[in-house]
Amino acid sequence: MSRIVKHPVIALLDAGTTFKEVRQIHAKFVIDGTLNDDHFVGQFVKAVALSDQKYLDYAEQILDRSDKPTLFALNSMIRAHCKSPVPEKSFDFYRRILCSRNDFKPDNYTVNFLVQACTGIGMRETGLQVHGTTIRRGFDNDPHVQTGLISLYAELGCPDSCHKVFDSVSSPDFVCRTAMVTACARCGDVGFARKLFEEMPEKDPIAWNAMISGYAQVGESRKALDLFHLMQLEGVKVNAVSMISVLSACAQLGALDQGRWAHAYIERNKIKITVRLGTTLVDLYAKCGDMNKAMEVFWGLEEKNVYTWSSALNGFAMNGLGEKCLELFSRMKQDGVTPNAVTFVSVLRGCSVVGLVDEGQRHFDSMRNEFGIEPQLDHYGCLVDLYARAGHLKDALGIIQRMPMKPHAAVWSSLLHASRMYKNLELGVLASKKMLELETRNHGAYVLLSNIYADSDDWDNVSHVRQSMKSKGVKKEPGCSVMEVNGEVHEFFVGDKSHPRYTEIEAVWKDISMRLRLAGYKADTSPVMFDIDEEEKEDALCLHSEKAAIAFGIMSLKEDVPVRIVKNLRVCGDCHQVSMMISKIFDREIIVRDRNRFHHFKDGHCSCNGFW
DNA sequence: TTAGGGTTAG
């Protein structure tokens, strides 16, 4: 192909080229006759389409002015649309290939890009059709296409098809194997992913990153961190992508010390802080309850996008700093960053945690009116929570009844929690029944319903709910608290005595209990508490997981270091009360991240002000 | 002249 010459001007087009420049170059090419050559039309279309998604339509106009678009130009348009917000448009150009007067036939590039377009759309039917096309056209043995099909089926959640394609590859290379590692992890079989990873004859940094992120994404954070340490021992080059998975694992665990270490590692090794890595750092500190550090990182970032802003907003909301969340949201809009649906979840939660009902409603309305975002189920969930927490129970119910989609259990759960808080028996019973219609085995709904009956001294119904729970075999997810001491992560399960220092923990807890009683604390062993759960009875031998963690924290951490705990469930009322008292008696800050949010206990108070 | 694997917020 001696004719193939790269046009020097086209070769200069990149993401930094402005639209004005693109038009000027186009005009010049029309005048000087460059575009009379189909070969250069193809190059120009490809360069414009790939330089920026904003120019896709303009690239199409250039293509349309060409009498005979080449297969290369059409393939380039399919390729460019794959990762655009409208991957389905790839198929318009595929149809143009099929209907072309030039009698084009789709080639290996065409089908490869179509597979990628389907991965972007995530549509099963189209994906299956494209797979059929690759077979019909004889490209199903092409290694690029095979790898693409594995990723496609992983995206569609079809592990069996991933295996079928992978098994059909006669000698999978390391790219194909890495795609399969990711596919298995995404489909939930992280064990098989690890087996494949171990069997890889050569592992490059991408393969390592794939396995580490596989663990991080399924919540196997400790395994992610262990594998990262192995990666270092093996001397594999660590990059920004590796660190994103590592930080995300630390954030999930709430492992602040390990997260700080990873941050220092990034700086020490001069790993470039990309916008994604920066966002993950902000998220790490936010999810470890250190918003000061999160914002120090945030303001220091060279580049921020809507993900970065949303991470910070979510951090403020989770940490109960609603006003700060709203201040930052104003700043975000002033800076010209357009919020999206996820951003609004954080903003609405920010309003909810501080009871700003009118402001929350205004933001909710602005979604559609100002930003053209149609509120989804989660947004209605936040709105219900906003009204319910503030005590406007009837308004909350009205929203549930009028919302344009079927409410999910979480919506009723908000109303149920608020009904208990505001002692509204009638709504509480309704909400718990609705919740149990949707999730028949939801332990929390039974517990709250029994609490609501107990609050009104309706012991017959309390007993009825208990019976019902027993007969349905509803069991509580075991409570688990995680804390980090000297960079080591310790796990505590309810009633579990397996910790190597359990005897000491028990002794420390006895001492704490004594000091609590001297300070006027009386363990709540009333029937209400009894009915919540057998395990919640005050019992030194059967500690709630966060009490064991607090005791361990007090005995192992320096006095001025806050006790940081991450819990898998919501904090129970008794533990909340106890934590507040300990923070005063021992002059110790205790920071608990529960399933929903943070509790910063200090001087006998909690940042949640009793709302959780 | 075009292609396949790893990465951020709810």
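Every chain is numbered from 1 and lettered A, B, ... according to where its sequence line falls, protein lines coming before strand lines. Side chains are part of it too, since the values below use all heavy atoms of this structure and drop only hydrogens, waters and symmetry mates.
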Under 3.5 Å, sequence neighbours excluded: what are the donor-acceptor pairs made by side chains of residues 326-339 of chain A?
residue : atom : partner : partner atom : Å
S330(A) : OG   : L326(A) : O            : 3.2
R331(A) : NE   : D335(A) : OD1          : 3.4

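- With sequence neighbours excluded, the residues that form a side chain to side chain donor-acceptor pair (under 3.5 Å) with D107(A) are N75(A), T110(A).
- Counting distance only, with no hydrogens placed and no angle test, the side-chain atoms of N305(A) and the base atoms of dA9(B) include no donor-acceptor pair under 3.5 Å.
- An OP1 or OP2 oxygen of dT8(B) is reached within less than 4.0 angstrom by no side-chain nitrogen or oxygen of K287(A).
- R349(A) comes within contact range of the sugar-phosphate backbone alone, with a heavy-atom separation under 4.0 Å but no base atom that close.
- Of the candidates Y285(A), W309(A), F316(A), W309(A) is the only one forming a ring-ring contact (aromatic ring centres under 6.0 Å, His included) with F298(A).
- The aromatic rings of F228(A) and Y265(A) stand perpendicular to each other, their planes meeting at an angle above 60°, with 30° marking the opposite boundary.
- The main-chain N or O of P143(A) is found under 3.5 Å from a side-chain atom of T147(A) such that the two form a donor-acceptor pair.
- Between the C1' atom of dT8(B) and the CZ atom of F298(A) lies a distance of 13 Å, rounded to the nearest Å.
- Contacts with DNA chain B (heavy atom under 4.0 Å) in residues 307-325 of chain A: Y307(A), S310(A), S311(A), N314(A), listed by number.
- Rounded to whole Å, the distance from CE on M332(A) to P on dG10(B) is 14 Å.
- With sequence neighbours excluded, the residues that form a salt bridge (charged side-chain N to carboxylate O under 4.0 Å, His left out) with K287(A) are D283(A).
- At whole-Å resolution of the value, CG in D378(A) and P in dA9(B) are 15 Å apart.
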**Request:** Using a 4.0 Å heavy-atom cut-off, write out nucleotides 2-7 of chain B from 5' to 3' as B (base contacted by protein), S (sugar-phosphate only) or - (no contact).
**Result:** BBBBBB
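- Using the six-membered ring where Trp is involved, F344(A) and H363(A) have ring planes that are tilted, between 30° and 60° apart.
- Among pairs with a residue in residues 181-200 of chain A, those fulfilling ring pair (Phe, Tyr, Trp, His ring centres under 6.0 Å) read H163(A)-F192(A), F197(A)-W208(A), at least two apart in sequence or across chains.
- Taking only distance into account, the side chain of T280(A) never meets the base of dT8(B) through a donor-acceptor pair shorter than 3.5 Å.
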